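This report concerns only the one structure given below.
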Amino acid sequence: MDTLTLRPDQPFSLDHTLSCGQVFRWEKDGGWWYGIVDQNVIRVRQRGRKLSWQGADEAQIRHYFQLDLDLPAILTVIAHDPLVRDAVARCNGLRIVAQPPWECLASYICATYTNIPVIKKRIALFSARYGEEIPFRGKTYHAFPTPEALAEAGECDLRECRMGYRAPYLCDTAGIIAGDPGWEQRVSLLPYPDARKELLRLKGVGKKVADCVLLFAFQKYEAFPVDVWIRKILTARYPGAAGSGRDEDIAAFGRQTFGPYAGYAQEYLFCNRENIGIEEDNG
DNA sequence: TCCCAGGGACCCA
DNA sequence: TGGGTCCATGGG
């Protein structure tokens with residue numbers, strides 16, 4: 001068991017961070033969160049400012065949860081907006097994690113036009129089938145499948161994992177990534193607009209998926225993913241501000257309004273989506 | 001039964 | 001470029 005004491009001036013909420021919808025391979029059981037990151041099963045618990053875990057070293061924990069990122073400085077930039085300020089108050093301590101890029105890319109290809117519980121089931125299904133076994137505390141978990149494993153599985157087999165029309169997209173992209181081991185570093189080094197263009201070349205990756213991957217895996221915080229929730233919230237609460245209401249106009253509005261940390265504003269709004277009135281006369 | 005969900009590809013004007 | 005339309009699936 002490893003522990004660290006969180007700095008009092010750096011808010012962190014394990015619950016908000018893992019339940020806000022940015023990750024799909026974590027489950028809470030008996031006060032502990034269990035998740036699979038790369039080849040590690042991690043269980044982690046927060047009690048006040050004390051963080052305890054097994055299955056990773058401290059550097060991995062600090063990186064994954066971005067504990068050394070100055071969150072109050074970011075919130076100062078984005079919380080000038082009352083809607084975001086309210087979301088920050090309700091989702092205090094939410095941090096955008098640093099997901100493994102391939103896992104994040106493949107996960108969000110699976111996440112189109114569906115809902116979070118279904119996404120989690122779908123990913124669990126093909127991870128159990130194609131991911132390497134990892135024993136942990138008497139149970140067997142599965143790593144996220146490698147691009148090689150998913151490319152080899154083929155479209156038909158992926159359809160058996162309830163992937164539906166996403167199966168050929170995932171299979172195609174898995175093949176490209178498997179044959180391009182330098183993609184992660186290349187995307188990482190590109191500025192946001194160019195990194196986005198690079199991801200948009202992949203099958204099953206549109207603007208929203210690309211922005212999610214850049215935000216959740218590459219720490220490009222100016223990315224502002226526009227999904228159905230964000231579209232509803234912004235068009236209802238900022239009528240006229242987001243241009244014609246096209247997703248690209250909404251994303252541009254987000255980046256202009258919240259600057260280099262637009263993605264953080266987006267994630268707080270998404271986390272607080274159930275509490276934000278979206279009726280048109282509710283503004 | 002119907003509607004909706006962390007959308008994208010494809011077609012057509 | 002921009003606007004329909006279709007696509008598989010499962011939860012509520």
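A quick note: this is a predicted structure, and the numbers were derived from the prediction, not measured. Per chain, numbering begins at 1; letters A, B, ... match sequence-line order.
Ranking C:dG10, B:dG7, C:dG2 by closeness to the A:Arg246 side chain, first place goes to C:dG2. When distances run from any side-chain atom of A:Lys203 to the nucleotides B:dG8, C:dT9, B:dC10, the shortest one goes to B:dC10. Comparing B:dC4, B:dG6, C:dA8 against the side chain of A:Arg166 picks out C:dA8 as the nearest. In this structure, of B:dG6, B:dG8, C:dG10, it is B:dG6 that holds the atom nearest to the side chain of A:Gln22. Of the candidates B:dG6, C:dT9, B:dA5, the closest approach to any side-chain atom of A:Gln266 belongs to B:dG6.
Nearest-nucleotide assignment on DNA chain C puts the 5′-proximal partner with A:Tyr113, out of A:Lys121 and A:Tyr113. With the nearest nucleotide of DNA chain B identified for both A:Leu202 and A:Pro117, A:Pro117 has the one nearer the 5' end.
In terms of phosphate contacts, A:Arg162 brings a side-chain nitrogen or oxygen within less than 4.0 Å of OP1 or OP2 of C:dG10. In this structure, A:Lys120 does not reach the B:dG6 phosphate: none of its side-chain N or O atoms is under 4.0 Å from OP1 or OP2.
For the salt bridge (charged side-chain N to carboxylate O under 4.0 Å, His left out) with A:Glu248, the qualifying choice from A:Arg255, A:Lys208, A:Arg231, A:Arg196 is A:Arg196, the only one to do so.
For A:Arg166 and A:Tyr169, the positive end is not near the middle of the six-membered ring at less than 6.0 Å and at most 45° from its axis.
Counting non-hydrogen atoms of neighbouring residues, nucleotides and ligands closer than 6.0 angstrom, the CD atom of A:Glu27 reaches no more than 12 such neighbours.
Counting atom types as modelled, A:Glu248 pairs no side-chain N or O with a base atom of C:dG2 as donor and acceptor under 3.5 Å.
Between A:Tyr165 and C:dA8, no base-stacking contact is recorded for ring centres under 5.5 Å apart and planes less than 30° from parallel.
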